Amino acid sequence: MRGLVSSQTSLSLLKIISKTNNLRLGKSVHAKLIISNLCDIIESNYLIDIYAKCGHLTSARQVFDLMPNRNVVSYSSLMAGYFHDGCPSEVLSVLKIMSSDELWPRPNEFIFATVLASCSDMQAFKMGQQCHAYVLKSGLSFHSYIRNVLLHMYSTCSGVEDALKVFYSMPGVDVISFNSMINSFLEHGRIWDAMEVLNNMVSEIWQWDHITYVAVLGLCADSKDSLLGRQVHCQILNRRFESNLFVGSAIVDMYGKSGDSSSARSAFNELSCRNVISWTTIMAACTQNASLEESLKLFIKMQVDCVQPNDLTYTVALNTCAGLAALTNGNSLKAHIEKTGYMSHLIVCNALINMYSKSGSIEDAEVIFVDLTCKDTITWNCMINGYSHNGLGRKALETFHDMLVNEVSPTYVTFIGVLLACGHLGLVDEGLYYVNHFMRNLGISPGVEHHTCIVGLLCRAGLLDEADRYMRTTHSEWDLISWRTLLSACQTHRKFGLGKKVSDYILQLYPNDVGTYILISNMYAKANRWDAVVKVRRLMREKCIKKEPGVSWIQVRNELNVFASEDNRHPLIEKIHKRLVELLDEIKGIGYVPITDSVLHDVEEEHKEGYLKFHSEKLAIVFGLISTPWGAPIHVIKNLRMCDDCHIAIKLFSKVTKRKMVVRDVNRFHCFQDGICSCNDYW
DNA sequence: TTAGGGTTAG
């Protein structure tokens, strides 16, 4: 730019620069204006706007601070800059400066649009209400911008009902009001109300925008309606909205949440541009649909693609590790998180607590929990449930009491952990008190998960008839898990009469449920009713119901080792067998007697002991013993419920080897230490 | 000269 610019030229230039966000040119015009001393209010306002839109808030503030006189635009431009830069509190502090301005520029609809949006971000409801009163008195509420931002403020700070009042009080609602109202209902879990708003929108709004599609895809995702989702996807393609990054990620999310992971993957592959959110969404879609290894592979690929993970990416990756009980991967993720500074994000710490407690390392979960100075409801729930699932009932209840002392309100999920803890400790009356009084006083209706905990609690205390009566007299949507809890207890407590009755009932409801057949055959095996066992097996064969083969896995030095009972392909299998035989002989010396198990029904009687030696969890445990340093805990995962014999043997292995052994079976954790299991032999 | 609603986790 040669020579000095005239006032007219500079204004025209600034106008173009503010539309194109050309920072370099903006700086250059700024320099010329300083030299020629032509920087008046309007020029300065443009400069604030340009710097703010380019994210250079320090420069914008500098221009603002040096202005001898300002008008309302100077304030609103700086405020919008702070708001978009994620500093809503700065917006309110600029408002304060504005109110003490000698020229007292009257705040207009631009100022309140940004101030109310900042109130929403900060959950500053009182301030939001004061603004509402002001805009009503001053007549600013007639601006559609203001009404929409008010609707959003009430939705985030107060509730959907208040948002609805604003919605209905508006003459001539527009596409933005409808979008906000659908999202408001979705955020509060009211899918059918969101659907009703959508129906009204169809007749009232002719032109949907890309945010409408994001909202409608969210509605399809929450209602798991992949048919509607597919129709919306087609419409998006017709209207060429798919290249929008928000819409693209919402499509991937919709397919993922509707259980169609292959369509999610195709939609992701077709994205023309991918950011951290689209990568996180496809990872979450894989995790939600049980493709856990695939999800972790995508986590690596995303970084190869030079996209850096954010807090939610780490949360998804940690939850995936929790699903796999992949402690080694979880530990390396923690190192990443520490390095990148995400330990200060509460959702990441919550996910770490969850990962450690589900990977059998409750001590590490506890360290994170204790170090957290700021905890939310989910933090407490993760810890309480973590303790309960690891058999530490006393600690779970102590943490629950701490939660109440800290004035954090328990939720539906809290009481699942609390009731599980009561079950571990045999606290029948306390459990019933929590369900019948404590929860109801808090306005939380007990659900099937809580009622199932009560059944488990009664069963564990040996009160099986009471548990049976409870199920028949309590109104609840009893599911397979509830009935299996009772049946499993019949097997453990050898209540074969009730067991027969319960199993007949379950098979009426779920005629092909493999788990139930296995429980029935286990029950007969315990009663030495081998004739009945053979009958059950025959019935299973006739119905083509196959028992899933038992598989255990253990990760050692980043290597996943998989063991199945009749699979001898592991390179160290001979060494493992040899050590296993030695150990079994050793524990026989302290009282181990091999017992038969229903898994062996098809096996000839004389081979029973031989097969028992090679159950997959025993192989994995012995592999852990010979391939990890002395004193290191051994973590094994099994796809089925542990059998009685393995449970006894591993208890004794932990005693003779002085090693801590953690087995996560399909139902719970078993932490074996010094000959004792954390499940107290009830699982 | 200035403004609003939107995608990922539990």
Side-chain angles (χ1 to χ4, degrees), chain A residues 11 14-15 18-19 40-50 52-53 71-81 83-84 105 108-118 120 140 143-153 155-156 163 174-184 186-187 209-218 221 244-254 256-257 271 275-285 287-288 309-320 322 345-348 350-351 353-354 376-379 381-382 385 411 413:
Chain A
L11 268 182
L14 286 167
K15 207 172 193 173
S18 82
K19 293 272 179 291
D40 215 342
I41 291 191
I42 297 186
E43 285 81 2
S44 298
N45 287 351
Y46 267 120
L47 288 170
I48 295 171
D49 182 51
I50 292 164
K53 278 181 183 155
N71 66 10
V72 69
V73 182
S74 329
Y75 287 97
S76 67
S77 301
L78 186 67
M79 283 173 162
F83 174 70
H84 288 293
N108 63 6
E109 66 273 23
F110 290 84
I111 296 287
F112 276 105
T114 309
V115 169
L116 276 162
S118 304
S120 302
L140 293 173
H143 289 274
S144 66
Y145 272 97
I146 294 291
R147 288 184 314 225
N148 285 331
V149 84
L150 267 173
L151 194 161
H152 185 240
M153 189 278 291
S155 169
T156 50
D174 59 15
V175 65
I176 294 174
S177 336
F178 271 105
N179 293 345
S180 298
M181 211 54 243
I182 293 175
N183 281 323
S184 178
L186 287 182
E187 273 157 28
D209 67 8
H210 66 281
I211 297 175
T212 313
Y213 284 106
V214 172
V216 175
L217 285 165
N244 178 282
L245 205 46
F246 284 82
V247 175
S249 297
I251 294 170
V252 176
D253 183 54
M254 178 276 293
K257 291 212 174 104
L271 290 180
N275 65 0
V276 60
I277 296 178
S278 25
W279 278 99
T280 309
T281 309
I282 188 64
M283 279 173 61
T287 304
Q288 283 150 2
N310 69 9
D311 50 348
L312 288 186
T313 323
Y314 283 120
T315 304
V316 173
L318 285 168
N319 289 336
T320 313
H345 290 239
L346 189 56
I347 51 165
V348 175
N350 289 349
I353 295 172
N354 183 46
D376 68 359
T377 316
I378 293 165
T379 322
N381 286 354
C382 283
N385 279 282
T411 62
V413 178

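Only a predicted model underlies this, so the values are computations on that prediction, with no experimental measurement involved. Chain A is the first sequence line, chain B the second, and so forth, proteins listed ahead of strands; every chain is numbered from 1.
A straight line from NZ of A/Lys53 to C1' of B/dA3 spans 10 Å, rounded to a whole angstrom. In this structure, A/Met283 places its CE atom 11 Å from P of B/dG10, rounding to the nearest Å. Between A/His143 atom NE2 and B/dG4 atom P there is a gap of 15 Å when expressed in whole angstrom units. To the nearest angstrom, P of B/dA9 lies 15 Å from CG of A/Asn350. Atom CZ in A/Phe246 sits roughly 11 Å away from atom P in B/dG5 (whole-Å rounding). Rounded to whole Å, atom P of B/dT2 lies 10 Å from atom CG of A/Asn45.
Here A/Tyr145 does not pack flat against the base of B/dG4, since the 5.5 angstrom centre distance and 30 degree tilt limits are not both met.
The listed nucleotides are B/dT7, B/dA3, B/dG4; the one nearest the side chain of A/Val214 is B/dT7. Side-chain atoms of A/Ile211 lie closest to B/dG5 of the nucleotides B/dT7, B/dA9, B/dG5.
Nucleic acid contact class of A/Val73 (heavy atoms, under 4.0 Å, all strands): base. Within 4.0 Å (heavy atoms only), A/Ser144 reaches at least one base atom of the nucleic acid.
With A/Asn71 contributing its side chain and A/Ser74 its backbone, the two residues share a donor-acceptor pair below 3.5 Å.
At the phosphate of B/dG4, OP1 or OP2 sits under 4.0 Å from a side-chain N or O atom of A/His84. OP1 or OP2 of B/dA9 sits under 4.0 Å from a side-chain N or O of A/Gln288. Using a 4.0 Å cut-off, some side-chain N or O of A/Lys257 falls inside it from OP1 or OP2 of B/dA9. In terms of phosphate contacts, A/His345 brings no side-chain nitrogen or oxygen within less than 4.0 Å of OP1 or OP2 of B/dA9.
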A/Ile111 and A/Tyr75: CA distance, side-chain angles, deciding distance, side-chain contact (heavy atoms from CB on, under 4.5 Å) verdict: CA-CA 8 Å; A/Ile111 296 287; A/Tyr75 287 97; 3.9 Å; yes
